[in-house]
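Notes follow the structure.
Along the sequence shown, residues are numbered consecutively beginning with 1.
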Amino acid sequence: MVQSKACLLLLGVAGAHATILQDDSYFYGQSPPVYPTPNITGAGGWGYALSKAQDLVARMSLEEKITITAGVTDDTSGCGGNIPAINRLGFPGMCLQDGPNGIKGAELVNGYPSGIHIGSSWNKSLAYHQAHAIGGEFRRKGVTLALGPPVLGPLGRISLGGRNWEGYGKDPYLSGILGAETVRGVQDNGVIACAKHFVGNEQELHRNPRPDPVTNKTVETSSSNMDDRTMHELYMWPFADAVHAGVASVMCAYQRLNNSYSCHNSKLLNGLLKTELNFQGFVLSDWFAQHTGIASAMAGLDMVMPDGDLYWGANLTNAVRNGSVPVSQIDNMATRIMAAWYLSGQDNQNLPPVGIGITADYKKPHPVIDARDPGDEALLLEGAIQGHVLVKNIGNALPLSKPRILSIYGYDAKVANTNLAMAGINGWTQGLEAHDYKSVICGFGPTGGHCPPFAPIAAKGTLIGGGGSAAITPTYISSPFQALEARARRDKTQLFWDLEGSQVTNVEAEACLVFVNAASSEGVDRPALRDDYTDGLILDIASQCNNTVVIIHNAGVRLVDQWIDHPNVTAVIFAHLPGQDSGESITQILYGDVSPSGKLPYTVPHNESDYGALLNPVTYTDWDRYFPQDNFTEGVFIDYRAFDRNGIVPRFEFGFGMTYTTFKYSNLNVRYTVDLSELPEYPIGPMISGGNADLWDTIAVATADITNTGQMEAAEIAQLYIQIPIEGQPLLQLRGFDKVIIPPGGRRTVEFNIRRRDISVWDVASQSWKLILGAQYPIFVGASSRNIILNGTLEL
């Protein structure tokens, strides 16, 4: 965890080269208009789908074209959104359904690890295969579009953000790489993927308009005000990866962007997404995120959910007939939607009927479709295992070795008393403020959910996922207590437990396992990064047990300074949100059947104050009471980038995680794959999905060797960081990672492909990505952002 001297020395080269123009104030605070909406071109493998879509749309009437752009209410459907059928053309309609971690609100489905858990695994292959499995379940249930994979926004700017757990972590490169794999996985299994929320959806407070309780005037959503460079180098970065991977739909956000609502922001949709990134698919509104009719149609919105008749429908038909909206715009919208439909193979006659496995009316007989594939059982468990992060292990407290006596504590060790709404954590919580968090997390009202006194950020019952539209309701939950009890029976271990408090501490126990959690949900931001009850529970047990192991199921950053340095706290695991196989996965890790291999996709600070202004969601002041303003004045400096710039020592840095073995790094080598003398300063390649084709070219490959110097097989996640030698850039930026399994004494070579875009900066003046030609780019390889072991140079 100590940054190497070599890294510290090389960091001093920042600013050695001339700066580029950074004054992009024209983009900050107000969003410029960009018209018209570009037509879909068929680039990036969309040609066949475009041809089919054009043929179908040409046979539609104006009313039919508008019909497929607007969601309808269907009381017989359990789908989150519905597009009606056009029977005369053989179009069966569309079913849109949550969520990113498995099908929400349906029986006989699996509950997969959440985004933050996959982010903690740093495993590209896992991201693809989990998404492919989820896509299969959606397809078997008759769902056309999976609302969720991948969740690229929020990026985690606000540490208390209620939906941070849905994303992969707080780094755009990590999110982009895993998001692209998720897109491919879902769409390779015949379902439209949806990248959301585009863009700046970084808090839940003020995410929807609401009346002022005093004046009854409308308080608009918060405006995410960011400059052009910050947009490109941070928040839009992972969406570019998703578009390059062929994502067929993008969801616009609730928030305003530079004081224009995201779902009718022409600069965002027409300019950045459909022109600069050459996005070929369709833009879908978040639910009730449309606030205008003609303006949203002209700005690049293609489909409205859940009810299109509010602003579109007959209104949009009239707007076309009176000349306010050209019919060519409607053709473009409809063509984009149908091209996405064809791209994902939805015209396959062998697919299940639309929405067949999703129904809202459980009082009437309906088809019960088991969407689960037995072949995915191993994947579910492996995914659950890989997202656990071991951050402390003193004196080899772990793994356990057939203990004679074991004590188990904590409200998180068991399954909640009800699964009707996963003890409240999976309920819909839109519109609730922080003071209602107790009722949200603990269930059905402030008292009806049997909420323990510690409530504000802990869920009663083991936490396998977060709440809101990404909630999961699997067929079973493997709780830690159940799995440990089975293991104790096999090993003939004496168990003692108190899952309500800490009253039965047995002084002869060889280890005391404490299970706690930190919950989060859509619709409300977290009130704090810790809670007094949980901290007190841990300290109480640690005061009586000299081998206290703490396991936290956390839906985001959780502070640990209140107790982690206690001499009796010997091991700590951030267990994140593992899905339905939670108990079995943590048991295998605790007993050493497998080594933990996850690493943190965020920074853990010592104190909340370490985040500064990036801790709390924005509120409003007197002058902007009705138009809350959230100014992204920190630019690209969030999480580890901000800690590095401000000289703040974290408790656990970004990328940190321990295993049950040790590793040695050696032999960093850089091999160029292009003739550097011929590299142009700006990209000149043809436009493909994701931008200029040469932005995606690999210009160099870095390799390093890792040797397992311990006694147990384990996976190591090697990370490559680059320093871009120009003023205003972070000290380090993640630009590569590779996860390899290494047996004791074995050696593996890790490989990092460095793309042109990975070492480019956004030049505001030219509105293009720019290389710093003639510069030396310091590169670093290590086990975390502050454990740099090898260093070298990339010379342009």
Side-chain angles (χ1 to χ4, degrees), residues 1-3 7-8 11 116 119-120 154-165 167 169-172 174-175 202-205 230 234-235 389 391-392 434 456-457 516 518 520 525-532 534-535 538-539 550 552 554-566 569 572 574 576 599-619 630-658 719 721 729-734 782-788:
M1 293 174 60
V2 178
Q3 198 171 40
C7 179
L8 290 171
L11 290 177
I116 194 173
S120 301
L155 191 60
R157 170 182 181 257
I158 300 297
S159 295
L160 292 174
R163 302 188 76 170
N164 290 350
W165 60 276
K170 294 192 176 189
D171 181 84
L174 177 66
S175 295
E202 295 295 322
Q203 66 177 54
E204 293 303 277
L205 184 65
T230 298
L234 198 65
Y235 295 101
V389 182
V391 297
K392 183 179 182 180
I457 52 175
V516 297
S520 189
D525 295 303
R526 299 168 65 193
L529 298 181
R530 51 169 295 272
D531 70 89
D532 290 337
T534 297
D535 290 343
I538 294 169
L539 287 170
V550 181
I552 312 171
N554 56 310
V557 175
R558 211 297 183 179
L559 296 186
V560 296
D561 266 42
Q562 290 73 20
W563 43 263
I564 197 167
D565 288 328
H566 193 290
V569 175
V572 178
F574 283 107
H576 295 115
K599 296 199 174 187
L600 297 173
Y602 51 79
T603 298
V604 178
H606 286 280
N607 304 289
E608 287 185 331
S609 60
D610 289 345
Y611 285 118
L614 298 185
L615 172 66
N616 294 297
V618 67
T619 56
D630 188 2
N631 298 322
F632 287 40
T633 53
E634 74 286 344
V636 299
F637 294 95
I638 68 171
D639 201 68
Y640 72 92
R641 300 162 175 233
F643 279 70
D644 288 347
R645 182 185 65 169
N646 298 327
I648 299 173
V649 178
R651 165 56 75 173
F652 299 115
E653 71 271 19
F654 177 86
F656 174 72
M658 305 170 67
Q719 301 155 47
Y721 294 86
Q729 289 290 316
L731 296 179
L732 294 175
Q733 298 184 64
L734 180 71
S784 76
S785 64
R786 294 210 172 192
N787 185 7
I788 300 301

(request) Could you check if a side-chain atom of Leu559 sits within less than 4.5 angstrom of a side-chain atom of Pro605, using non-hydrogen atoms only? (result) yes
(message) I'd like to know if the side chain of Lys392 reaches the main chain of Val550, judged simply by a donor and an acceptor atom lying under 3.5 Å from each other, with no hydrogens or angles considered.
(response) no
(request) Report yes or no: does Asp525 contribute a side-chain atom to a donor-acceptor pair with the main-chain N or O of Leu205 at less than 3.5 Å? (result) yes
(request) Would you indicate whether the side-chain heavy atoms of Leu155 and Tyr235 approach each other to under 4.5 Å? (result) yes
(request) To the nearest 0.5 Å, tell me how far Leu600 CG sits from Phe652 CZ. (result) 8.0 Å
(message) For the backbone of Gly161 and the side chain of Glu202, can you confirm whether one donor and one acceptor N or O come within less than 3.5 Å of each other?
(response) no
(message) Quick check: do Leu234 and Pro172 have side-chain heavy atoms less than 4.5 Å from each other?
(response) yes
(message) Using only atom types and a distance under 3.5 Å, with no angle test, would you say the side chain of Asn554 pairs donor to acceptor with the backbone of His576?
(response) yes
(request) Output yes when a side-chain donor or acceptor of Arg651 lies under 3.5 Å from a complementary backbone atom of Ile564, and no otherwise. (result) no
(request) Look up atom OH in Tyr602 and atom CD1 in Ile638, then write down how far apart they are to the nearest 0.5 Å. (result) 15.0 Å
(message) Looking at every non-hydrogen atom in both residues, tell me the closest pair between Leu174 and Gly119 and how far apart they are.
(response) CD2-O, 4.1 Å
(request) Kindly say whether Thr534 contributes a backbone atom to a donor-acceptor pair with the side chain of Asp531 at under 3.5 angstrom? (result) yes
(message) Is there a side-chain hydrogen bond (donor to acceptor under 3.5 Å, both in side chains) between Glu653 and Thr603? Walk through the geometry before answering.
(response) CA-CA 5 Å; Glu653 71 271 19; Thr603 298; over 6 Å; no
(message) Centroid separation under 6.0 Å, is that true for the rings of Phe643 and His606?
(response) no
(message) Strictly distance-based, threshold 3.5 Å: is any side-chain N or O of Tyr640 a donor or acceptor partner for the main-chain N or O of Leu734?
(response) yes
(request) Can you measure from CG (Asp561) to CG (Leu529) and round to the nearest 0.5 angstrom? (result) 12.0 Å
(request) Name all residues meeting the ring pair (Phe, Tyr, Trp, His ring centres under 6.0 Å) criterion together with Phe637; count only those two or more places apart in sequence or in a different chain, and write none if there are none. (result) none
(message) Under a 3.5 Å distance rule, please check whether Ser785 uses its side chain to pair with a backbone N or O of Phe654 as donor and acceptor.
(response) yes
(message) With a 3.5 Å distance limit and no angle check, can you tell me whether Asn646 reaches the backbone of Ile648 through a side-chain donor-acceptor pair?
(response) no
(request) Evaluate the side-chain contact (heavy atoms from CB on, under 4.5 Å) criterion for residues Asp171 and Arg641: first the C-alpha distance (whole Å), next the side-chain angles of each, then the deciding distance (0.1 Å), finally the verdict. (result) CA-CA 9 Å; Asp171 181 84; Arg641 300 162 175 233; 4.2 Å; yes
(request) Can you see which heavy atom on Arg526 is nearest to which on Ala518, and at what distance? (result) NH2-CB, 3.8 Å
(message) Applying salt bridge (charged side-chain N to carboxylate O under 4.0 Å, His left out), can you list everything that pairs with Glu204, at least two apart in sequence or on another chain?
(response) Arg207
(request) Kindly write out the residues that satisfy salt bridge (charged side-chain N to carboxylate O under 4.0 Å, His left out) with Asp535, not counting sequence neighbours, or none if the list is empty. (result) Arg530, Arg558
(request) Apply side-chain contact (heavy atoms from CB on, under 4.5 Å) to Val391 and Met658, showing your working. (result) CA-CA 6 Å; Val391 297; Met658 305 170 67; 5.5 Å; no
(request) Would you check if Gln719 and Lys599 make a side-chain contact, meaning some heavy-atom pair closer than 4.5 Å? (result) yes
(message) Could you check whether any side-chain heavy atom of Val604 comes within less than 4.5 Å of a side-chain heavy atom of Phe574, counting everything from C-beta outward?
(response) yes
(message) For the backbone of Ala528 and the side chain of Glu608, can you confirm whether one donor and one acceptor N or O come within less than 3.5 Å of each other?
(response) no
(message) Distance check, rounded to the nearest 0.5 Å: Leu732 atom CG versus Arg786 atom CZ?
(response) 9.0 Å
(request) Please report the C-alpha distance between Val557 and Ser159 in whole Å, then the side-chain angles of each, then the deciding distance to 0.1 Å, and finally whether the side-chain contact (heavy atoms from CB on, under 4.5 Å) criterion is met. (result) CA-CA 7 Å; Val557 175; Ser159 295; 5.5 Å; no
(request) Please examine the side chains of Asn164 and Ser520, heavy atoms only from C-beta on, and report whether any two atoms are closer than 4.5 Å. (result) no
(message) Does this structure show an ion pair linking Asp639 with Arg157, if we count only N-O contacts that are shorter than 4.0 Å?
(response) no
(message) Testing the 3.5 Å rule here: is there a donor-acceptor pair between the side chains of Lys170 and Ser175?
(response) no
